[in-house]
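Here's the structure, in structure tokens; my notes come after.
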Amino acid sequence: MSILIVIEESNGAVHRMSREAVVAGQALGRDFDLPVSAVLLGHDTSDLCQSLDSTQLHEILQADHPLLGSYSSDGFSRALAQVIESESPRYVIAGHTYMVRDFFPRVSAKLNIPFLADNIAYRVEGGALTLTKQILAAKLVADVAPAGDGPCIISFQSAAFQEEDVAEGSEATARQVSISLEDGSIRTTSEEPFQEAASAVDLSSAEVIVSVGRGIGKEENLPLAQELAAAMGAELAASRPVVDSGWLEGYHQIGSSGQTVAPKLYFALGISGAIQHVVGMKGSKNIVLINKDPDAPLFELADYGVVGDLLEIVPKLKKALQA
Amino acid sequence: MKIAVLVKQVPGGDSPLRISDDQLWVIEDNVNFITNESDAYAVEEALQLREKSGEGEVVAVSFGPERTQRTIREALSKGADRGIHIEDSYPYSSDPLKIATALSEALKEEQFDLILSGLQSDDYGFGQVGVLLGETLGMTTATLVMSTELSDGSLKVKRELESGWFQWVSLSLPASISIQSGINTPRYPSLKGIMGAKKKEIKSVAPDSATAAAQAISRVYIPQKTKKTEMIEGTADQQVKRLAEVLKKEIRVV
Ligand SMILES: Cc1cc2nc3c(=O)[nH]c(=O)nc-3n(C[C@H](O)[C@H](O)[C@H](O)COP(=O)(O)OP(=O)(O)OC[C@H]3O[C@@H](n4cnc5c(N)ncnc54)[C@H](O)[C@@H]3O)c2cc1C
Ligand SMILES: Nc1ncnc2c1ncn2[C@@H]1O[C@H](COP(=O)(O)O)[C@@H](O)[C@H]1O
């Protein structure tokens with residue numbers, strides 16, 4: 001039995017969240033006294049394998065196949081299921097990336113083993129593993145446990161572990177694991193990734209950002225935020241629902257599917273603080289939030305918080321700043 | 001084209017959330033239940049696909065307690081043709097594999113060409129039921145779908161990747177795809193739609209209770225606060241005065 005960390009490639013390097021997953025896997029390895037190995041799914045993964053050289057790992061498994069040269073849910077789910085069957089790991093660990101979301105559930109269904117997704121922490125009590133995840137838009141958290149003691153698949157949310165904490169060690173042994181994929185087993189074809197029209201504003205270099213969430217209520221209220229931004233010399237940003245509703249262009253969106261920013265001030269108006277938003281702005285030097293709900297999770301991250309109605313406070317604040 | 005759309009009923013964002021005595025869920029008394037956000041986009045996408053192809057059927061499917069019927073009814077009032085309700089006596093099943101198994105038992109005879117689901121439920125957020133179901137039924141799958149094109153029995157979807165990147169993927173049918181919010185503009189039900197929905201069929205199915213849970217929530221609680229946030233108290237005017245001072249003198253951005 002072992003702990004197996006699934007490593008994802010991103011721009012030729014190990015994905016940041018895979019490095020965080022390595023930290024999680026290494027910690028679980030210490031707690032359960034199990035060897036910790038990594039698995040690379042792909043074709044010609046020797047470069048990626050080398051970049052794990054100094055990472056403390058028992059083995060690096062290369063599940064190599066020409067049909068895994070580019071990502072497909074069909075190919076990757078079959079390959080990982082085969083690796084789990086041949087290696088019988090106790091826990092399979094990964095970061096909760098968009099790719100993991102896409103194919104891990106298939107592995108769970110193929111092998112009839114649980115996929116405990118998107119956790120923020122774990123603990124071990126009496127030899128049993130309990131995971132913690134956010135539920136109901138991060139307003140509550142839940143302890144979750146796998147039933148039985150067969151293999152189980154676990155993903156961790158971004159920043160649940162710190163990539164700086166990866167334990168270094170001497171060279172791990174690389175080992176090929178054979179994968180069998182018949183022709184025709186991949187029923188999809190993927191085109192090259194692309195970006196939509198480049199952003200008109202570079203939010204990543206903005207000093208001050210006023211960011212609007214669903215709490216703005218309706219499109220007609222947007223000028224309130226625009227005027228406040230103008231009064232502060234700030235750029236305007238938004239959470240996803242504001243963009244989804246068509247009130248602002250996509251390039252204003254902050255978060256996991258939008259831009260990542262780290263301004264001197266991130267002034268959030270009516271944003272709740274979902275993780276997919278938070279990953280895009282948590283590096284901000286100062287965070288101020290106006291929200292009518294005192295339990296909004298973003299208050300936890302804010303340096304200054306105002307519980308109140310933004311429709312009332314924002315116009316007054318604009319006046320006060322102009323005075 | 002025979003399309004199923006999965007709709008889950010979840011507590012609305014504004015609902016007060018008080019933890020139930022068994023510490024496994026919330027007290028439902030004052031909770032306002034709504035259709036899961038990404039599922040509302042999935043319903044719209046299903047209706048548009050049917051309208052574009054000019055034929056076929058959209059079936060709204062939900063697994064949950066009796067109140068779930070309202071969510072199915074909402075999809076019917078927007079234009080879905082019929083509903084399937086898998087009635088769960090336990091109102092908060094927390095095992096996605098078990099939910100997917102119940103759904104697949106109820107749907108396998110139907111032979112859908114396409115299953116649309118939301119990307120993630122706003123209550124438990126497993127992010128997997130639609131994909132589990134697709135795999136169980138031997139379908140192709142794609143998640144984070146932001147656009148769909150259907151032509152000559154093949155499906156092309158635009159998938160969202162991380163950090164603002166996208167990718168087009170072609171899938172053979174039958175397929176199960178998970179819809180990301182923002183893909184379209186969901187319609188409101190018309191008065192005629194609401195009236196018409198009353199006559200549409202919702203088939204009730206009992207779940208196969210034999211499957212054991214593969215994972216379970218053991219406790220629900222309020223997250224601990226760790227950061228010291230300065231909460232600016234007082235009347236709106238007092239709050240504004242202090243806020244202006246903070247921006248000018250402490251953070252110094254104005
Ligand atoms: C795969 C995936 C990717 C995603 N990517 C992103 C992303 O890149 N960026 C992103 O932002 N989200 C993203 N999301 C969505 C994310 O999960 C949340 O749904 C979203 O961030 C919520 O936006 P919000 O805080 O504006 O809205 P809500 O969560 O609805 O919060 C609105 C807030 O406004 C408050 N409010 C309401 N009225 C007022 C008022 N009058 N005055 C003051 N406060 C008020 C409410 O109390 C509430 O806290 C993604 C989700 C998924 C599953
Ligand atoms: N009980 C349910 N009934 C109907 N559809 C569901 C149910 N649970 C999940 N789904 C569908 O699967 C999607 C993903 O849910 P989840 O895996 O819980 O994040 C949801 O957006 C729904 O479309």
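All values reported here derive from a predicted model rather than from experimental measurement. Residue numbering restarts at 1 for every chain, and letters A, B, ... go by the order of the sequence lines.
Atom CG of B:Asp21 sits in a sparse spot, with 12 or fewer heavy atoms from other residues, nucleotides or ligands closer than 6.0 Å. Crowding of A:Glu249 atom CD: a count of heavy atoms from other residues, nucleotides or ligands under 6.0 Å not exceeding 12. Within a 6.0 Å radius of NZ in A:Lys319, no more than 12 heavy atoms belonging to other residues, nucleotides or ligands are found. For B:Arg252, the CZ atom counts as loosely surrounded, since its 6.0 Å shell holds 12 or fewer non-hydrogen atoms of other residues, nucleotides or ligands.
Interface summary for chain A: among B:Gln167, B:Arg242, B:Glu250, the most heavy-atom pairs under 4.5 angstrom belong to B:Gln167. Across A:Gly280, A:Ser72, A:Gly258, the residue that shares the most heavy-atom pairs under 4.5 angstrom with chain B is A:Gly258. Here B:Arg159 is the residue among B:Lys241, B:Glu233, B:Lys228, B:Arg159 with the most heavy-atom pairs under 4.5 Å with chain A. Chain A forms the most heavy-atom pairs under 4.5 Å with one residue out of B:Pro223, B:Gly125, B:Gly127, and that residue is B:Pro223. Counting heavy-atom pairs closer than 4.5 Å to chain A, the top residue among B:Val26, B:Thr136, B:Thr141 is B:Thr141. Of all the listed residues (A:Leu136, A:Leu289, A:Val208), the one sharing the greatest number of non-hydrogen pairs under 4.5 Å with chain B is A:Leu136. The candidate from B:Ser181, B:Ala236, B:Pro186 with the greatest count of non-hydrogen atom pairs under 4.5 Å with chain A is B:Ser181. Residue with the most contacts toward chain A among B:Asp122, B:Asp95, B:Leu133: B:Asp122 (heavy-atom pairs, distance under 4.5 Å).
With a 4.5 angstrom heavy-atom cutoff, A:Lys133 touches chain B only via side-chain atoms. For A:Ala234, no part lies under 4.5 angstrom from a heavy atom of chain B. Neither the backbone nor the side chain of A:Ala274 comes within contact range of chain B; no heavy atoms are under 4.5 Å apart. Interface residue B:Leu247: only side-chain heavy atoms are found under 4.5 Å from chain A. With a threshold of 4.5 angstrom between heavy atoms, A:Gln276 approaches chain B through side-chain atoms but not through N, CA, C or O. Only the side chain of A:Thr132 comes within contact range of chain B, with heavy atoms under 4.5 Å apart. Interface remark: B:Leu171 contributes backbone and side-chain atoms alike to the contact with chain A (heavy atom separation under 4.5 Å). Heavy atoms closer than 4.5 Å to chain A are found in both the backbone and the side chain of B:Ile217. Contact of A:Glu312 with chain B is made through the side chain alone, with heavy-atom distances under 4.5 Å. Proximity to chain A (any heavy atom under 4.5 Å) is shown, for B:Asp123, by both the backbone and the side chain. Both the backbone and the side chain of A:Ser257 come within less than 4.5 Å of a heavy atom of chain B. For B:Gln23, no part sits under 4.5 Å from any heavy atom of chain A, backbone or side chain. Within the 4.5 angstrom heavy-atom criterion, only side-chain atoms of A:Val288, from C-beta onward, approach chain B. Heavy atoms closer than 4.5 Å to chain B are found in both the backbone and the side chain of A:Asp303. For a residue to count as touching a neighbouring chain, one of its non-hydrogen atoms must lie under 4.5 Å from one of that chain's; by this rule B:Val10 does not touch chain A. Using a 4.5 Å cut-off between heavy atoms, B:Ala244 contacts chain A through both its backbone and its side chain. Neither the backbone nor the side chain of A:Asp309 has a heavy atom closer than 4.5 Å to any heavy atom of chain B. Only the side chain of A:Phe267 comes within contact range of chain B, with heavy atoms under 4.5 Å apart. Within the 4.5 angstrom heavy-atom criterion, no atom of A:Ile287 approaches chain B. Contact annotation for B:Lys248: only side-chain heavy atoms (C-beta onward) come within less than 4.5 Å of a heavy atom of chain A. Using a 4.5 Å cut-off between heavy atoms, A:Val307 contacts chain B through both its backbone and its side chain. Heavy-atom distances place the side chain of B:Val254, and not its backbone, under 4.5 Å from chain A.
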**Request:** Evaluate the criterion salt bridge (charged side-chain N to carboxylate O under 4.0 Å, His left out) for residue pair A:Arg214 and B:Glu37; output intermediate values, then yes/no.
**Result:** CA-CA 13 Å; A:Arg214 184 165 16 217; B:Glu37 184 176 11; 3.1 Å; yes
**Prompt:** side chain to side chain contact (heavy atoms under 4.5 Å, CB included) between A:Thr260 and B:Ser163: does it pass, once the steps are laid out?
**Reply:** CA-CA 8 Å; A:Thr260 300; B:Ser163 315; 5.7 Å; no
**Item:** Evaluation steps, side chain to side chain contact (heavy atoms under 4.5 Å, CB included), between B:Leu243 and A:Ile290
**Value:** CA-CA 10 Å; B:Leu243 202 47; A:Ile290 303 178; 4.2 Å; yes
**From CA spacing to verdict: side chain to side chain contact (heavy atoms under 4.5 Å, CB included), B:Gln215, A:Leu131** = CA-CA 11 Å; B:Gln215 62 175 284; A:Leu131 292 136; over 6 Å; no
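The list of ring-ring contact (aromatic ring centres under 6.0 Å, His included) pairs with a residue in residues 286-323 of chain A, not counting sequence neighbours, is empty.
A:Glu207 has its side chain out of reach of B:Val253: every pair of non-hydrogen atoms, C-beta onward, lies at least 4.5 Å apart. Looking at A:Phe104 and B:Gln128, their side chains never come closer than 4.5 Å, going by heavy atoms from C-beta outward. Between A:Arg106 and B:Val131 there is a side-chain heavy-atom pair separated by less than 4.5 Å.
Between the A:Glu300 side chain and the B:Thr226 main chain, a donor and an acceptor come within less than 3.5 Å of each other. A:Lys139 places a side-chain N or O within donor-acceptor distance of the main-chain N or O of B:Gly13, the cut-off being under 3.5 Å.
Put simply, CD on B:Glu162 and CZ on A:Arg101 are 9.0 Å apart, with the number rounded to the nearest 0.5 Å. How far CG of B:Leu97 is from CZ of A:Phe115: 11.5 Å, rounded to the nearest 0.5 Å. With rounding to the nearest 0.5 Å, the separation of CG in B:Leu17 from CG in A:Leu140 is 5.5 Å. Here the CG atom belonging to A:Asn112 is positioned 7.0 Å from the OG1 atom belonging to B:Thr101, to the nearest 0.5 angstrom. For the atom pair A:Asp74 CG and B:Glu135 CD, the distance stands at 8.0 Å (nearest 0.5 Å). Expressed to the nearest 0.5 Å, how far CD of B:Gln239 lies from NZ of A:Lys316 amounts to 9.5 Å.
For A:Asp143 and B:Ser218, the side-chain atoms include no donor-acceptor pair closer than 3.5 Å. No side-chain donor-acceptor contact under 3.5 Å links B:Thr140 and A:Thr188.
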List the atom pairs, donor and acceptor, that lie under 3.5 Å between side-chain atoms in residues 146-156 of chain B and the rest of the protein, sequence neighbours left out.
from: B:Thr148; atom 1: OG1; to: B:Glu45; atom 2: OE2; distance (Å): 2.7
from: B:Lys156; atom 1: NZ; to: A:Glu191; atom 2: OE2; distance (Å): 3.2

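The two residues A:Pro105 and B:Leu132 make their nearest non-hydrogen contact at O-CD2, 3.0 Å.
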